[in-house]
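For reference, the structure is listed below as structure tokens.
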Amino acid sequence: MQRITGKNERHGRKLLNKIREELSKEPHQFISIDEFCDFTGLAPAIVERYITD
């Protein structure tokens with residue numbers, strides 16, 4: 001997430017927590033690529049490019 005957003009790790013954790021809250025997920029549950037993309041408005045192909053590097 002740091003590579004995608006250009007923000008630091010703390011910002012990434014806050015963003016994940018915000019997404020979890022929006023989706024009513026527990027703190028231990030993962031966020032999928034699709035959920036991240038829906039929340040941020042990014043295309044899945046862009047995100048996948050960053051995570052496969």
Side-chain angles (χ1 to χ4, degrees):
M1 190 165 338
Q2 287 176 276
R3 292 177 62 195
I4 296 168
T5 63
K7 305 288 184 176
N8 62 23
E9 181 181 350
R10 185 174 180 187
H11 180 327
R13 279 187 265 127
K14 285 183 177 183
L15 180 58
L16 286 175
N17 288 334
K18 192 172 182 180
I19 296 170
R20 279 189 192 94
E21 183 179 306
E22 187 78 22
L23 298 173
S24 300
K25 287 192 168 206
E26 297 293 323
H28 67 277
Q29 292 180 298
F30 293 112
I31 303 298
S32 72
I33 292 173
D34 290 333
E35 291 168 336
F36 177 79
C37 291
D38 287 342
F39 187 84
T40 60
L42 294 171
I46 293 171
V47 175
E48 289 172 4
R49 187 174 8 168
Y50 279 97
I51 64 172
T52 57
D53 251 355

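- Of all heavy-atom pairs between Phe36 and Ile31, the closest is N-CG2, 3.9 Å.
- With sequence neighbours left out, Lys7 forms a salt bridge (Lys or Arg N to Asp or Glu O under 4.0 Å) with no residue at all.
- Atom CE of Met1 is separated from atom CG of Leu16 by 3.0 Å, given to the nearest 0.5 angstrom.
- Residues satisfying the salt bridge (Lys or Arg N to Asp or Glu O under 4.0 Å) test with Glu9, not counting sequence neighbours, are Arg13.
- Across all non-hydrogen atoms, the minimal contact from Cys37 to Pro44 is SG-CA, 3.5 Å.
- With rounding to the nearest 0.5 angstrom, the NZ atom of Lys18 is 12.5 Å from the CG atom of Leu23.
- No more than 12 heavy atoms of other residues, nucleotides or ligands sit less than 6.0 Å from atom CD of Glu21.
- In the hydrophobic clustering of this structure, Phe39 groups with Ile51; members are Ile, Leu, Val, Met, Phe, Trp, Tyr whose side-chain heavy atoms approach within less than 4.5 Å, directly or through other members.
- The nearest pair of heavy atoms linking Glu48 to Ile33 is CG-CD1, 4.2 Å.
- Distance check: Arg49 CZ to Ile4 CD1 gives 10.5 Å after rounding to the nearest 0.5 Å.
- For the residue pair Asn8 and Gln2, the shortest heavy atom distance occurs at C-NE2, 3.7 Å.
- Partners of Glu22 according to the salt bridge (Lys or Arg N to Asp or Glu O under 4.0 Å) rule, which considers only residues two or more places apart in sequence or in another chain, do not exist here.
- The minimum heavy-atom distance between Arg20 and Glu26, with the atom names listed, is CD-O, 3.4 Å.
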